[in-house]
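Here the structure is laid out as structure tokens; the discussion comes afterwards.
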Amino acid sequence: MIHLHNIAKSYTSRGEVVNLFEHLDWKIETGTWVALMGASGAGKSSLLSLIAGIITPDAGSIYLGERDITALSRDEMTAFRGKHIAFIFQAFELIPNLTVSENIDLVLDISHAERRYETDEILEKVGLAGKGNRYPNELSGGEQQRVAIARAFVSRVPYLFADEPTGNLDERNAEKIMELIRALHEETGNTIIMITHDKGIASHADMVYRLSSGELKIEK
Ligand SMILES: Nc1ncnc2c1ncn2[C@@H]1O[C@H](COP(=O)(O)OP(=O)(O)OP(=O)(O)O)[C@@H](O)[C@H]1O
Ligand SMILES: [Mg+2]
């Protein structure tokens, strides 16, 4: 379970205080795929960064399973993140001078996470069999995002955090990516938090939350 308890977070920039959260609570059951919606600036990415331990709350606790990540040092958090959390971003974030296979293997080297699939096996699952030796710029946008999906699922980590994973794709490719995530989610049983602006994309999730004025409400 992911459990946020009584989270407060504000930013101060140029003397101006932005209160994002004051008393935020959120529970996500293990194995659930959650979509997170909300207006631009509502704090969705900030919330994901809090849960990933990239930024720290001003108050409250954040449990990933048994672990209160707010109690971890920066180094401990980095190690914990590598072994427990995979990410997918809007801009794919593939390394241009590494091949597709090398991009996938790199996360395993860096994170020290256990491997769940052989590289060729996961490439086949995402429909990129035989393309492991290509470079990212030799792939279409949809294919690049499938590499990012492969990279997110190749290691045996329980959490997947995705920030607008289909933001750069047309509707047809976005649907394909959702079907792929659905199949891999069912196979791995991972817990997914996926930020999206798109109701159609959100509908693929088990639950849909909307973040507004620092509060979360269930939409589905
Ligand atoms: N490092 C920071 N310093 C100061 N303010 C910040 C910082 N990061 C984010 N903010 C502010 O916090 C608010 C929430 O930002 P956040 O990126 O979490 O929104 P979002 O819901 O992800 O928006 P979008 O849908 O546009 O991605 C915004 O008003 C933003 O300007
Ligand atoms: Mg955002």
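Just follow the structure's listing: the first ligand is 1, and inside any ligand the first atom is 1. Numbers for residues simply follow the sequence, beginning at 1.
The existence of a salt bridge linking Glu138 and Lys131 is excluded, since no basic side-chain nitrogen approaches an acidic carboxylate oxygen closer than 4.0 Å. Contact check on Asp105 versus Arg151 returns no salt bridge, with no Lys/Arg side-chain nitrogen under 4.0 Å from an Asp/Glu carboxylate oxygen.
In summary, the side chains of Ser46 and Tyr11 do present a donor paired with an acceptor at a separation below 3.5 Å, with no hydrogens or angles considered.
The Mg ion (ligand 2) has Ser45 among its coordinating residues (N/O/S atom, backbone or side chain, under 2.8 Å).
Ligand 1 is never approached by Glu164 to a heavy-atom distance shorter than 4.0 Å.
Checked by distance only, ligand 1 and Leu20 stay at 3.5 Å or farther apart across all their nitrogen or oxygen atoms.
Protein heavy atom closest to atom 19 (O) of ligand 1, with residue, atom name and distance, is Gly43 N, 3.4 Å. If you check which protein heavy atom lies closest to atom 27 (O) of ligand 1, you get Ser45 OG, 4.0 Å. With hydrogens left out, the protein atom closest to atom 29 (O) of ligand 1 is Gly41 O, 4.0 Å, a heavy atom. Among all protein heavy atoms, the one lying closest to atom 25 (O) of ligand 1 is Lys44 NZ, 2.7 Å. In this structure, the protein non-hydrogen atom closest to atom 1 (N) of ligand 1 is Tyr11 CE2, 3.8 Å.
Heavy-atom proximity to atom 24 (P) of ligand 1, evaluated over Ser49, Ser40, Ala39, is greatest for Ser40. Between the choices Gly38, Gly167, Ser46, the shortest heavy-atom distance to atom 15 (O) of ligand 1 belongs to Ser46.
Protein heavy atoms are found inside the 4.0 Å sphere centred on atom 7 (C) of ligand 1. Distances from atom 12 (O) of ligand 1 to the protein include at least one heavy-atom value under 4.0 Å.
Aromatic ring orientation, Tyr159 versus Phe161: tilted (interplanar angle from 30° to 60°).
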